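Below is one structure; the comments refer to it alone.
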Amino acid sequence: MPKTGAVIVAAGRGARMGGMEKALAPLAGEPLLLHSVRAFEKTEVVDEIVVVTRRDLLEKVHRIVKRAGCTKVKGVVQGGKTRGESSRHGLGALSKDVDLVLVHDGARPLVSEELIERVAEAAAETGAAIPGVTPTATIKRTENGASAGTVDRRELREAQTPQGFRRSVLARAFAEAVKEHYEGTDEAAAVERTGETVTIVEGDRKNLKVTIPEDLAVAEALSAGFTAAQTTRIGIGRDVHRLVEGRPLVLGGVRVPHPKGLLGHSDADVISHAICDALLGAAGKGDLGQHFPDTDKEWKGVSGAELLTRTVEILREVEYVPVNVDVTVCAQAPRLATYREEMIGNVARALRLPTSHVSVKFTTTEGLGFEGREEGISADAVVLVGRVFGESV
């Protein structure tokens with residue numbers, strides 16, 4: 001084998017990770033990125049490693065790989081604005097005598113040594129090689145919003161990483177891409193444009209890419225030594241307030257027209273309060289009354305949105321962030337379904353979550369109990385929080 005270097009790219013923002021820093025998101029008690037680095041560290045075919053990350057993570061990632069004893073890591077370098085630019089930075093940081101380059105997405109933490117070696121051997125032989133797996137779902141072509149036929153999936157492959165290339169092949173592809181202002185979705189796309197043949201070797205279905213929190217949960221289940229308590233926690237919260245005249249009815253940050261409103265020291269937003277209690281419980285940080293007591297004038301009239309924002313700050317102190325929220329509101333009146341999307345948007349903004357990670361549901365008791373008699377409104381919340389690695393890493 002020629003001298004081989006690995007470029008592990010982890011310079012993205014991970015905007016769909018629900019507030020978690022993807023490169024540092026916990027997997028089996030360690031940062032996700034470290035799993036990728038260790039796989040390349042262990043295999044005999046790789047001689048050196050360069051990690052590419054964002055400028056604000058440079059020192060933190062350097063500490064992580066140093067503490068982990070990753071001796072093959074030659075450097076941690078700053079990425080660019082695009083995937084292509086980050087890969088080019090990584091290539092430039094490899095030693096000049098590296099002849100074979102493996103580029104890997106740091107968001108694929110379960111890459112195996114066998115897959116790395118398979119790609120490296122194929123790339124050394126042919127000049128360019130990538131792993132791929134056959135799609136398992138039926139694939140449709142579309143035309144004007146309608147199905148235009150079924151694609152034979154036996155002819156298709158889902159591209160994975162690492163992608164391997166002779167250094168000269170990859171350098172030429174990058175140079176032409178820069179000259180022509182081309183930004184492909186992977187390194188193979190740039191190489192293909194130069195006329196080079198890219199060999200496809202068998203990939204690995206466990207080599208998944210973590211893009212959203214649900215992917216992290218799958219990776220955790222597949223990862224050896226996974227311990228759920230190290231990474232995620234579940235919390236349950238409940239809040240009840242009495243309906244009285246002369247008060248506005250505020251639910252999920254929405255002022256709902258109604259003859260009565262909820263009585264409380266704050267705005268009595270049961271949706272926000274139930275979520276706060278659930279979040280605090282999941283993180284082991286007490287309850288709403290402990291942090292925002294109704295005997296404290298500071299919290300008189302405070303909005304539910306403000307309490308949610310403050311609660312997120314409390315969670316971050318113990319290195320947790322919200323992942324998803326599910327709330328059920330029980331009210332005989334008024335009808336609330338028309339306000340659902342606005343409530344979801346308000347909660348999502350306060351928790352720094354995508355709206356797809358927030359659910360708000362409504363029910364009645366069919367006239368039974370205090371809700372049924374329209375004496376009050378209750379809300380129950382279930383939340384999932386995820387561990388993040390803060391400044392202590």
Side-chain angles (χ1 to χ4, degrees), residues 15-20 212-214 235-282 288 291-292 299-316 321-366 370-372 374-386:
R16 289 175 283 179
M17 283 299 291
M20 285 188 282
I212 58 177
E214 287 83 352
I236 299 173
R238 178 171 172 78
D239 194 52
V240 175
H241 281 279
R242 183 188 301 275
L243 282 166
V244 297
E245 294 181 355
R247 287 272 298 187
L249 178 58
V250 180
L251 294 169
V254 178
R255 187 158 180 164
V256 179
H258 194 59
K260 295 182 179 180
L262 294 171
L263 180 63
H265 184 67
S266 63
D267 66 358
D269 183 343
V270 291
I271 291 178
S272 299
H273 293 187
I275 294 172
C276 287
D277 253 356
L279 291 171
L280 292 168
L288 198 67
H291 294 277
F292 313 105
W299 309 116
K300 184 172 178 59
V302 67
S303 70
E306 175 66 15
L307 294 182
L308 287 170
T309 300
R310 296 291 189 100
T311 299
V312 170
E313 293 172 359
I314 293 170
L315 261 64
R316 285 187 172 274
V321 293
V323 174
N324 73 283
V325 174
D326 185 21
V327 185
T328 299
V329 182
C330 185
Q332 195 67 34
R335 296 292 182 180
L336 299 169
T338 56
Y339 305 100
R340 186 195 315 270
E341 296 307 317
E342 189 178 354
M343 293 177 183
I344 288 174
N346 291 341
V347 171
R349 279 190 295 275
L351 298 182
R352 306 177 200 173
L353 287 175
T355 55
S356 60
H357 291 203
V358 177
S359 170
V360 179
K361 309 188 299 292
F362 308 105
T363 189
T364 71
T365 62
E366 298 192 10
F370 70 86
E371 297 103 333
E374 299 185 34
E375 296 173 356
I377 295 176
S378 65
D380 294 275
V382 178
V383 305
L384 180 70
V385 300

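The structure displayed is predicted, hence computed values, not measured ones. Residues: numbered from 1 along the sequence shown.
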Are the side chains of Leu307 and Ser272 in touch, meaning some heavy atoms are under 4.5 Å apart? no
Take His357 and Glu214, measure what side-chain contact (heavy atoms from CB on, under 4.5 Å) needs, and give me the verdict at the end. CA-CA 10 Å; His357 291 203; Glu214 287 83 352; 4.3 Å; yes
How close do Ala379 and Ala274 get, heavy atom to heavy atom, and via which atoms? O-CB, 3.6 Å
Heavy-atom side-chain proximity of Pro322 to Val383 below 4.5 angstrom: no
Is it true that, when you exclude Lys300 itself, more than 12 heavy atoms of the residues, nucleotides or ligands shown sit nearer than 6.0 Å to its NZ? no
If only atom types and distance count, is the side chain of Asp277 paired as donor or acceptor with the main-chain N or O of Leu288 below 3.5 Å? yes
Side chains of Ser266 and His273 in contact at under 4.5 Å (non-hydrogen atoms): yes
Search all heavy atoms of Leu263 against all heavy atoms of His241 and return the closest pair with its distance. O-ND1, 2.7 Å
Show the numbers, then the answer: is there a side-chain contact (heavy atoms from CB on, under 4.5 Å) between Glu371 and Thr364? CA-CA 7 Å; Glu371 297 103 333; Thr364 71; over 6 Å; no
Closer than 3.5 angstrom, by distance alone: can the side chain of Thr311 be matched with the main-chain N or O of Cys276 as a donor-acceptor pair? no
Interatomic distance, Leu251 atom CG to Asn346 atom CG [nearest 0.5 angstrom]: 11.0 Å
Surrounding CD of Glu313 (heavy atoms of other residues, nucleotides or ligands, distance under 6.0 Å), is the total greater than 12? yes
To the nearest 0.5 Å, how far apart are NE2 in His258 and CD in Glu374? 6.0 Å
In Å and rounded to the nearest 0.5 Å, what is the CG to CG distance from Asp267 to Leu249? 10.0 Å
So, do Cys330 and Phe370 sit near enough that their side-chain heavy atoms are less than 4.5 Å apart? no
Side-chain (Arg340) to main-chain (Val360) donor-acceptor, under 3.5 angstrom: yes
Starting at CG of Asp239, measure out to CG of Leu262 and round the result to the nearest 0.5 Å. 9.0 Å
Can you tell me how far CZ of Arg310 sits from CG of Leu315, rounded to the nearest 0.5 angstrom? 14.5 Å
Side-chain contact test, heavy atoms from C-beta onward, threshold under 4.5 Å: evaluate it for Asn324 versus Leu353 and give yes or no. no
Heavy-atom count around Arg238 CZ within 6.0 Å, excluding the residue itself: above 12? yes
Do you know which two heavy atoms are closest between Val270 and Ile377, and how far apart they sit? CG1-O, 3.7 Å
Rounding to 0.5 Å, atoms CD1 (Ile275) and CG (Asp269) come to a distance of 8.0 Å
Please evaluate residues Val302 and Phe292 with respect to the criterion side-chain contact (heavy atoms from CB on, under 4.5 Å), reporting the C-alpha separation (whole Å), side-chain torsions for both, the decisive distance (0.1 Å), and the verdict. CA-CA 10 Å; Val302 67; Phe292 313 105; over 6 Å; no
Assess whether side-chain contact (heavy atoms from CB on, under 4.5 Å) is satisfied between Val321 and Met17, documenting all intermediate values. CA-CA 10 Å; Val321 293; Met17 283 299 291; over 6 Å; no
